Number of protein chains: 2
Amino acid sequence: MTRKIIRPKTNKKNLIIRRLSLYLRTLDHLKKKGVEVISSSHLEKIEGITQSLVRRDLAEFGTFGVRGVGYNVPLLREHISQILGFDQNWRVVLIGAGGFSSVLIHSESFQKRNLKIVQIFDKSSDYIGKSIEGIPIQDMAQLEQELDSRHVDLAIIAVPPPEVQHTINRLGHIGIRGALYFASRPVDVPENMVVLNMDITVELAVLTYQLR
Amino acid sequence: MTRKIIRPKTNKKNLIIRRLSLYLRTLDHLKKKGVEVISSSHLEKIEGITQSLVRRDLAEFGTFGVRGVGYNVPLLREHISQILGFDQNWRVVLIGAGGFSSVLIHSESFQKRNLKIVQIFDKSSDYIGKSIEGIPIQDMAQLEQELDSRHVDLAIIAVPPPEVQHTINRLGHIGIRGALYFASRPVDVPENMVVLNMDITVELAVLTYQLR
DNA sequence: TAGATTGTTAATCGATTAACAATC
DNA sequence: TAGATTGTTAATCGATTAACAATC
């Protein structure tokens, strides 16, 4: 052994969880179309994930299918939804009231997954006092006074990149347990917080690399 | 062998490319701070990726470091930038002129990575004829007439979910080779096209799963 | 020279695929 | 019963880590 760095080992099941959430969105779609039963080999065609892996992913969490038949669409949908935690309501605080936030708040993904935006904060006087979809925009300076981690489960951070780290620190201090941010930079994650990042430059890199 | 499905095997190096793009954004930052040299063990602390893997990732594409010293920050930045294809200019068409697009167009990620938005299309008369940042919004109905794949390298698709598949089909037909979309649904990808997806519900699932 | 850090190979670990008995 | 498809185990494949000689 050369090193002894302790690292909060990146949650083992993440790959499975990501795939489950692909299955879930397809099941949403199939259910809407009225499809009753689906087999792993049919999912393979839709998702581009081998039938073996589909069955293995599901078997990780239980026995949801019927041999010789397949999986019941509405039932499997419920099961996966529950595994991912979407059976319960999630109260979300939006940090940053710019264009991105108003896109999010109108997105169907939020309702579909039981996420509800309960508070919005921004530091700009252009926004403070106004409201989006009936939710008043509060002053970022009052975050510690106005945000109570007992009433909010996670944060969506849509502030300019230089402010992300500080925002996360403040949220961590208040006791918010999870956050998602979009800036193209790494952050230090406070203890006891789960922080995820969606970085469009990463996807663009994959795209340009492949097209090069 | 049970199956014989032919699948365009998901590009082998994707994992490395994603990490390179994390290194790149950190190098951007370090360069701005004036840091001249960085070692793989320092990158390990910043990225949460083992020094071994950092060295291996880089070695995949060349010899960029100096033994006993480390990596020259501006030089390594140039190298990675080139590997990912960001040394050349990329002409981008935006499909959909809604809130999301105007966020993208103002984002620093685009300039930083040599991406330039050259055309914008939308189907709504609320947008057609207006312009964003000096780029006129054209009528989606005229896509085939007005969009020339010889002048555009890739597409960013920010249209409502039900329109994504049709949009991709049209772009493929016109000869656009790459696209990125944000809807939470799978699509069929035309031959000779690379299509990537950023789905916020996938990230939210990882988050809610871990917080559950 | 001594210390540091790379590039690279060998060892390990984990994830995916193939295969098949169980069972509808 | 014959055909289909699951759940699960064994085999394979690929990705990560450890280790170290090379070299600044």
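All values derive from a computational prediction rather than experimental measurement. Protein chains get the first letters and strands the later ones, always in sequence-line order, with residue 1 at the start of each.
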Please give, in whole Å, the distance from [N] [atom2] to [X] [atom1]?
| X | N | atom1 | atom2 | value |
| --- | --- | --- | --- | --- |
| Arg18(B) | dT16(D) | CZ | C1' | 18 Å |
| Glu60(B) | dT6(C) | CD | C1' | 16 Å |
| Ile16(B) | dT17(D) | CD1 | P | 13 Å |
| Ile49(A) | dT16(C) | CD1 | C1' | 12 Å |
| Tyr23(A) | dT6(D) | OH | P | 12 Å |
| Leu43(B) | dT6(C) | CG | C1' | 13 Å |
| Leu53(B) | dA15(D) | CG | P | 11 Å |
| Asp57(B) | dT16(D) | CG | P | 7 Å |

Going by the side-chain contact (heavy atoms from CB on, under 4.5 Å) test, name the single residue among Ile105(B), Ile117(B), Leu94(B) that passes it with Ile132(B). Ile105(B)
Phe182(A) vs Phe100(A) aromatic rings, parallel, tilted or perpendicular, using cut-offs 30° and 60°? perpendicular
Given the options Lys13(A), Arg19(A), Arg18(A), Asp57(A) meets side chain to side chain donor-acceptor pair (under 3.5 Å) only with Arg19(A)
Ser41(B) and Ser39(B): side chain donor to acceptor below 3.5 Å: yes
For His106(B) and Glu133(B), test the side chains for any donor-to-acceptor distance below 3.5 angstrom and give the result as yes or no. yes
Between [Y] and [X], is the closest basic N to carboxylate O distance under 4.0 Å?
| X | Y | answer |
| --- | --- | --- |
| Glu163(B) | Lys123(B) | yes |
| Asp153(A) | Arg177(A) | no |
| Asp87(B) | Arg113(B) | no |

DNA chain C: Arg19(A) or Val69(A), which has the more 5' nearest nucleotide? Arg19(A)
Partners passing salt bridge (Lys or Arg N to Asp or Glu O under 4.0 Å) against Glu78(A) (at least two apart in sequence or in another chain): none
What does the list of N/O pairs under 3.5 Å between the protein and nucleotides 7-10 of chain D look like, with a distance for each?
residue : atom : partner  : partner atom : Å
dG7(D)  : OP1  : Phe64(A) : N            : 3.3
dG7(D)  : OP1  : Gly65(A) : N            : 2.8
dG7(D)  : OP1  : Gly65(A) : O            : 3.3
dG7(D)  : OP2  : Tyr71(A) : OH           : 2.7
dG7(D)  : O4'  : Arg67(A) : NH2          : 3.0
dG7(D)  : N7   : Arg55(A) : NE           : 2.9
dG7(D)  : O6   : Arg55(A) : NE           : 3.3
dG7(D)  : O6   : Arg55(A) : NH2          : 2.8
dA10(D) : N6   : Arg56(A) : NH2          : 3.3

Let me have DNA chain C in dot-bracket notation, would you? Count Watson-Crick plus G-U wobble pairs, both distances under 3.5 Å, and use [ ] for pairs crossing earlier ones and | for inter-strand partners. ..||||||||||||||||||||||
Reckon Thr50(B) has a side-chain N or O less than 4.0 Å from the OP1 or OP2 of dT17(D)? yes
